[in-house]
Amino acid sequence: MKKYLIIIMICFIGIISSGCAMVEALDNRKENLKHAEKISKELIRCINEKDVDGIEQLFNRYSQNEENLRDDIEDFLDHIDGEILDYIITWGEVSLSIEDGTWTEQKTETKIENIITDKGKRYHIRFREYMIYTEDKDKEGGILLLLLYDENKKKLCRICYM
């Protein structure tokens, strides 16, 4: 009887602790979705204004220290023909890791799809960010990978510093 009571207690503790982690994960997802929408709208604004400085500020500190970043952003902008009029934002987690109840890594990917410009061109953009990356804090909180595709999902441009 004692064995069963101990097993029941262990299961109960496991359920409670996983429930707390689940609530935290859901709250974190809501915040990350808001962040993805904010960054996407800012990226679209910067693209339409050809704002290299603005896009550079959207990248993480690690990427901002790369000497080719500005040239890569200019190349990215050169591939987009026209002003963006319409788009759809989708978001998801790429990977996450929790050790001893603490987030150690959370990488997200945002897709800006069905982009339509005033010149009738269509594009898709994907970008990834580390929301949490305990191994290197300079890689947190900004874009680490930015991809541009044409309407047929052919890659036109890739900016990535890892």
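In this model, a donor atom of one side chain and an acceptor atom of the other lie less than 3.5 Å apart for T104 and S97. In the model, E129 has a side-chain atom that pairs as donor or acceptor with a side-chain atom of H35 under 3.5 Å.
Within the 4.5 Å cutoff, side-chain heavy atoms of C157 are placed close to those of D75. E105 has its side chain within reach of Y130: a pair of non-hydrogen atoms, C-beta onward, lies under 4.5 Å apart. Contact check for F59 versus I159: side-chain heavy atoms found under the 4.5 Å cut-off. Here the side chains of L58 and L43 are in contact, with some heavy-atom distance below 4.5 Å.
Distance alone, capped at 3.5 Å, is enough to place a donor-acceptor pair between the D136 side chain and the D138 backbone.
Atom CZ of R126 sits in a crowded spot, with more than 12 heavy atoms from other residues, nucleotides or ligands closer than 6.0 Å. Atom NZ of K107 has more than 12 heavy atoms from other residues, nucleotides or ligands within 6.0 Å. Heavy atoms from other residues, nucleotides or ligands lying under 6.0 Å from NZ of K155 number 12 at most.
Screening L144, N65, L69 for a side chain to side chain contact (heavy atoms under 4.5 Å, CB included) with Y161, the sole residue that qualifies is L69. Of the residues I115, N114, L148, I112, the one that meets the side chain to side chain contact (heavy atoms under 4.5 Å, CB included) test with H124 is N114.
Geometrically, K139 does not engage Y133 in a cation-pi contact defined by less than 6.0 Å to the ring centre and at most 45° from the axis.
A salt bridge links D51 to R45: at least one charged side-chain nitrogen sits closer than 4.0 Å to a carboxylate oxygen. Under a 4.0 Å N-O distance rule, the pair D72/R158 does not qualify as a salt bridge.
Hydrophobic clustering (ILVMFWY, side-chain heavy atoms < 4.5 Å, transitive): F76 and I44 are in one cluster. A continuous path of hydrophobic side-chain contacts links Y62 to I73 [ILVMFWY only; heavy atoms under 4.5 Å].
When every heavy atom of F127 is checked against every heavy atom of I143, the shortest pair comes out as CD1-CG1, 3.9 Å. Of all heavy-atom pairs spanning Y123 and D81, the tightest one is OH-N, 2.9 Å.
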